[in-house]
Peer 1: 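Before anything else, here's the structure in question.
Proteins come first, then strands; the chains are lettered A, B, ... in the order of their sequence lines, and each starts at number 1.
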Amino acid sequence: MTINKDLLGQLRSLGLIAQVSSEPELIEHLAEGSRTVYCGFDPTADSLHIGNLVPLLALRRFQLAGHKPILLVGGATGMIGDPGGRTSERDLKSADVVKAFVAKIREQASRFLDFDCGENSAIVVDNAEWTEKLTVVDFLRDIGKHFSVNAMVQKETVKRRLEDDASGISYTEFSYMILQSYDYTILNERYDCTIQMGGSDQWGNITAGIDLVRRMNGNQAYAITYPLITNSDGTKFGKSMGNAIWIDAQRTSPYSFYQFWRNSADADVIDYLKIFTFFDAAHIDQLAAAHDQDPGARAAHIALAQAVTRLVHGDEGVDAAERISEALFTNQLSQLSASDLGQLAQDGMSASETQSADISLIDVLVDSGLAVTPKGQVTAGQAKKLITSNAVSVNGVKIEDPEHRLKTADALHGCYQVIQKGKKNHHLLIHVVD
RNA sequence: GGAGGGGUUCCCGAGUGGCCAAAGGGAUCAGACUGUAAAUCUGACGCGUAAGCUUCGGUGGUUCGAAUCCACCCCCCUCCA
């Protein structure tokens with residue numbers, strides 16, 4: 001494995017660098033040999049979501065450049081909650097939950113990272129392993145003494161909470177920084193890990209870790225943060241229809257996943273191409289030019305959707321997603337054959353079956369979950385509102401009558417009804433009467 | 001333990017006896033326009049397909065009538081010990 005000597009410059013050109021510590025030294029450090037870099041992930045759910053993709057793909061870039069990535073699962077720190085994560089303190093995760101998460105993250109990350117390539121294979125570790133053994137006395141005597149409260153209070157994440165009249169900060173959360181610093185120290189000691197990467201909100205915690213590594217191990221360590229991804233309109237990245245976009249195909253179908261990227265705002269699409277794909281600079285420039293010239297053609301958006309979906313769900317995922325998209329958005333439903341329609345359900349389009357040959361549209365909207373209120377509940381009242389506000393079509397035809405009933409006689413090929421809410425939400429209802 | 005401030009519908013935040021399902025903003029959903037984009041404009045936004053029902057930290061009370069007044073309790077914040 002040869003070392004890419006300009007990794008940092010490359011990451012910066014991709015917009016992946018917010019801050020770095022001791023930059024000139026770090027550049028040299030990275031150029032001199034294979035290094036070990038770590039990034040922490042909190043076990044907040046049993047799947048990764050696309051927000052996690054940013055550090056994961058950045059780690060991959062490190063690995064491709066010849067370095068060794070460590071994924072640290074916060075089995076211990078995840079129980080506490082980073083004060084930067086605001087409001088409520090987190091639930092305690094049981095050992096089983098964390099263990100399941102470790103397995104899951106390894107499985108999901110293995111699509112991007114190589115866990116079996118010799119020297120610089122990626123590894124997964126859980127900080128509960130060493131944090132749980134820590135006694136209060138050891139913690140205070142060996143670790144805590146290296147931290148100046150004066151300095152900790154100055155950290156942005158802590159300061160904000162101290163100044164916030166409404167919430168304050170508990171001692172537990174205040175200690176988060178110390179535990180994260182200790183993680184760095186342990187990884188430095190065991191794996192010669194010298195680089196920690198995290199979101200820019202982690203800067204304070206990471207630099208605190210650098211200090212601790214120097215004090216306890218006498219080693220020089222480094223920090224790299226990436227900017228937190230936001231949408232250009234200021235909304236939170238990685239949500240669609242109020243739901244997180246998951247890596248797990250069971251939670252977010254390849255079709256929905258594909259659609260998420262394809263619907264990116266124009267102002268964001270080039271940034272996303274840089275961060276979430278491995279296209280080279282020339283290709284991205286070319287897509288940017290194509291987009292400027294004819295935004296309506298969606299060349300950049302489609303390339304983005306294809307590339308990221310392929311990365312996460314493979315060629316099959318892309319094929320399925322495009323097959324469904326093609327069918328639904330060209331509005332030529334009537335030209336689809338029965339097997340085409342059957343395939344859509346197979347491919348991950350939302351679908352359900354009914355025994356009834358004659359069923360009320362409102363019931364179907366409720367059963368399919370399309371009739372969600374802005375608050376997230378599914379109600380018949382919402383279904384009625386949607387119909388009255390002209391938001392629902394069946395098989396491509398707007399329905400304005402709340403009492404409308406779906407009958408097999410009107411179904412495509414005698415059994416398929418494509419229910420559409422708004423522009424982008426579809427459901428396939430299949431009559432299974434004989 | 002003491003003193004003070006505060007808890008309103010997803011969030012912020014008005015409201016101090018009826019006109020309050022509760023202003024305004026944000027978020028969200030839908031419609032129009034477009035390019036499956038953004039911006040903009042329009043509608044919806046406690047539950048109930050309706051009659052109606054249930055909300056303003058909790059419980060009890062005053063009142064014809066309470067988010068608003070009283071009592072007690074719980075929780076949060078700041079300062080003091």
Peer 1: Would you mind classifying the nucleic acid contact of A:N390 as base, sugar-phosphate or nothing, using non-hydrogen atoms under 4.0 angstrom?
Peer 2: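 Contact class for A:N390: sugar-phosphate only.
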Peer 1: Suppose you measure atom C1' in B:G58 against the same atom in B:U8; what distance do you get, rounded to whole Å?
Peer 2: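 Each nucleotide's C1' atom is 15 Å from the other's.
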Peer 1: Do NZ/NE/NH1/NH2 and the carboxylate oxygens of A:K407 and A:D410 come within less than 4.0 Å?
Peer 2: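 A salt bridge is absent here (no side-chain N lies under 4.0 Å from a carboxylate O).
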Peer 1: Rounded to whole angstroms, how far apart are CG on A:L365 and C1' on B:A30?
Peer 2: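 My rounded result for the distance is 13 Å.
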Peer 1: Which nucleotide in the list B:A30, B:C47, B:U36 gets nearest to the side chain of A:F329?
Peer 2: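 Looking only at side-chain atoms, A:F329 lies closest to B:U36.
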Peer 1: Can you tell me if the side-chain N/O atoms of A:K384 get under 4.0 Å from OP1 or OP2 in B:A50?
Peer 2: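 The answer is yes; a side-chain N or O of A:K384 sits under 4.0 Å from OP1 or OP2.
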Peer 1: At 4.0 Å (heavy atoms only), tell me whether A:A267 reaches a base, stays on the sugar-phosphate, or touches nothing.
Peer 2: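 Counting heavy atoms under 4.0 Å across all strands, no contact is made by A:A267.
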Peer 1: If I pick the P atom on B:A23 and the same atom on B:C56, what distance separates them, to the nearest angstrom?
Peer 2: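 Pairwise P distance, B:C56 against B:A23, rounds to 16 Å.
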Peer 1: Consider the side chain of A:S325, meaning its heavy atoms from C-beta on, and name the nucleotide among B:U49, B:C47, B:U36 that approaches it most closely.
Peer 2: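 The answer is B:U36, which lies nearest to the side chain.
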Peer 1: Has A:R310 got its NZ or CZ under 6.0 Å from the middle of the six-membered ring of A:Y258, at an angle within 45 degrees of the ring axis?
Peer 2: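 Here A:R310 fails the 6.0 Å and 45° test against A:Y258.
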Peer 1: Can you tell which of B:A30, B:A37, B:C45 lies closest to the side chain of A:K385?
Peer 2: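 Looking only at heavy atoms from C-beta outward on A:K385, the closest nucleotide is B:C45.
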Peer 1: Write down the distance separating the P atoms in B:C19 and B:G65, rounded off to the nearest Å.
Peer 2: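 Pairwise P distance, B:C19 against B:G65, rounds to 14 Å.
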Peer 1: What integer number of Å spans the C1' atoms of B:C10 and B:G1?
Peer 2: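 Going atom to atom, C1' in each nucleotide, I get 38 Å.
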Peer 1: Just name whichever nucleotide pairs with B:C10, Watson-Crick or G-U, keeping both distances under 3.5 Å, else none.
Peer 2: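 Per the H-bond distance test, B:G26.
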Peer 1: Taking only the P atom of each, what is the distance from B:A71 to B:G4 in whole angstrom?
Peer 2: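 Those two atoms are separated by 14 Å.
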Peer 1: Both A:S389 and A:I362 contact RNA chain B. Taking the nearest nucleotide for each, which residue is further toward the 5' end?
Peer 2: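 The residue mapped nearer the 5' terminus is A:S389.
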Peer 1: Using a cut-off of strictly less than 4.0 Å, decide whether A:T379 has a side-chain nitrogen or oxygen near OP1 or OP2 of B:G48.
Peer 2: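 Yes.
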Peer 1: Under 4.0 Å between any heavy atoms, over every strand shown, what does A:E403 touch: base, sugar-phosphate, or nothing? Just pick one.
Peer 2: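 Base, at least one base atom sits under 4.0 Å.
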Peer 1: To the nearest Å, give me how far apart CD1 (A:I387) and P (B:A30) are.
Peer 2: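 Roughly 15 Å, once rounded to whole Å.
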Peer 1: Round to the nearest Å and state the distance from A:I419 atom CD1 to B:A30 atom C1'.
Peer 2: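 Spelled out: CD1 on A:I419 to C1' on B:A30 is 17 Å.
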Peer 1: Tell me which nucleotide, if any, is Watson-Crick or G-U wobble paired with B:A3 when both distances must be under 3.5 Å.
Peer 2: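 Looking at the geometry, B:A3 pairs with B:U78.
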Peer 1: Over how many whole Å does the gap from A:I302 atom CD1 to B:A37 atom C1' extend?
Peer 2: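 After rounding, the reported distance stands at 12 Å.
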Peer 1: Looking at B:A39, which nucleotide sits across from it as a Watson-Crick or G-U wobble partner, both distances under 3.5 angstrom, or is there none?
Peer 2: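 B:A39 is unpaired by these criteria.
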Peer 1: What integer number of Å spans the P atoms of B:G25 and B:C41?
Peer 2: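 The same atom, P, in both gives a distance of 11 Å.
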Peer 1: For B:A71, give the paired nucleotide (Watson-Crick: N1-N3 plus N6-O4 or O6-N4; G-U: N1-O2 and O6-N3; both under 3.5 Å), or none.
Peer 2: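 Matched B:A71 with B:U59 under the 3.5 Å cut-off.
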Peer 1: Do any N or O atoms from the side chain of A:S393 and from the backbone of A:G396 form a donor-acceptor pair under 3.5 angstrom?
Peer 2: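 Judged by distance alone, no pair lies under 3.5 Å.
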Peer 1: Looking only at atom C1', what distance separates B:C70 and B:G48, rounded to whole Å?
Peer 2: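 About 35 Å, rounded to a whole number of Å.
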Peer 1: Quick check on RNA chain B: between A:A265 and A:P402, whose nearest nucleotide comes earlier from the 5' end?
Peer 2: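 On the 5' side of the pair lies A:A265.
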Peer 1: The side chain of A:K423 lies closest to which of these nucleotides: B:G46, B:C29, B:A37?
Peer 2: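 Given the options B:G46, B:C29, B:A37, the side chain of A:K423 is closest to B:A37.
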Peer 1: With respect to the side chain of A:D266, which nucleotide from B:A37, B:C47, B:G31 is positioned closest?
Peer 2: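 From the listed options, B:A37 comes nearest.
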Peer 1: Judged by atom type as modelled, is there a donor-acceptor pair below 3.5 Å linking the side chain of A:T373 to the main-chain atoms of A:Q377?
Peer 2: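 Yes, the answer is positive, given that a donor and an acceptor are paired below the 3.5 Å cut-off.
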Peer 1: Side-chain N or O of A:Q382 less than 4.0 angstrom from OP1 or OP2 on B:A44?
Peer 2: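 False: A:Q382 side-chain N/O out of range (4.0 Å or more) of B:A44 OP1/OP2.
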Peer 1: Taking the P atom of each, how far is B:C79 from B:C73, in whole Å?
Peer 2: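 Taking atom P in both B:C79 and B:C73, they lie 25 Å apart.
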Peer 1: Is there a Watson-Crick or G-U wobble partner for B:G48 with both distances under 3.5 Å, and if so, which one is it?
Peer 2: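 Pair assignment: B:G48 / none.
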Peer 1: Cationic tip of A:R262 within the cone over A:F329's six-membered ring, i.e. under 6.0 Å and within 45° of the normal?
Peer 2: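 Ring-cation test returns no.
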Peer 1: Roughly how many Å is it from NE2 in A:H291 to P in B:A38, rounded to a whole number?
Peer 2: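 In whole Å, B:A38 P and A:H291 NE2 are 12 Å from each other.
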Peer 1: Could you list the residues that satisfy salt bridge (Lys or Arg N to Asp or Glu O under 4.0 Å) with A:D340, not counting sequence neighbours?
Peer 2: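 Here no residue qualifies.
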Peer 1: Are OP1 or OP2 of B:A37 and a side-chain N or O of A:K424 less than 4.0 angstrom apart?
Peer 2: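 For B:A37, OP1 or OP2 has a side-chain N or O of A:K424 closer than 4.0 Å.
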Peer 1: Using 4.0 Å as the upper bound for N to carboxylate O, is an ion pair formed by A:R12 and A:E23?
Peer 2: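 Counted as a salt bridge, because a side-chain N and a carboxylate O are separated by less than 4.0 Å.
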Peer 1: What's the CD1-P distance between A:I399 and B:U49, to the nearest Å?
Peer 2: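 From A:I399 CD1 to B:U49 P: 20 Å.
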Peer 1: Closer than 4.0 angstrom, basic N to acidic O: yes or no for A:K145 and A:D142?
Peer 2: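 Looking at A:D142 together with A:K145, the answer is no, because their closest N to O distance does not fall below 4.0 Å.
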Peer 1: What is the distance, to the nearest angstrom, from the CG atom on A:L361 to the P atom on B:U49?
Peer 2: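 One finds 14 Å between P of B:U49 and CG of A:L361, rounded.
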Peer 1: Would you indicate which nucleotide in B:U36, B:C47, B:A30 comes nearest to any side-chain atom of A:K421?
Peer 2: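 Ranking B:U36, B:C47, B:A30 by closest atom to the A:K421 side chain puts B:A30 first.
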Peer 1: If B:C33 has a Watson-Crick or G-U wobble mate with both distances under 3.5 Å, name it; if not, just say none.
Peer 2: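 Partner of B:C33: none found under 3.5 Å.
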Peer 1: What's the CG-P distance between A:L304 and B:U36, to the nearest Å?
Peer 2: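 Going from CG in A:L304 over to P in B:U36 covers 17 Å.
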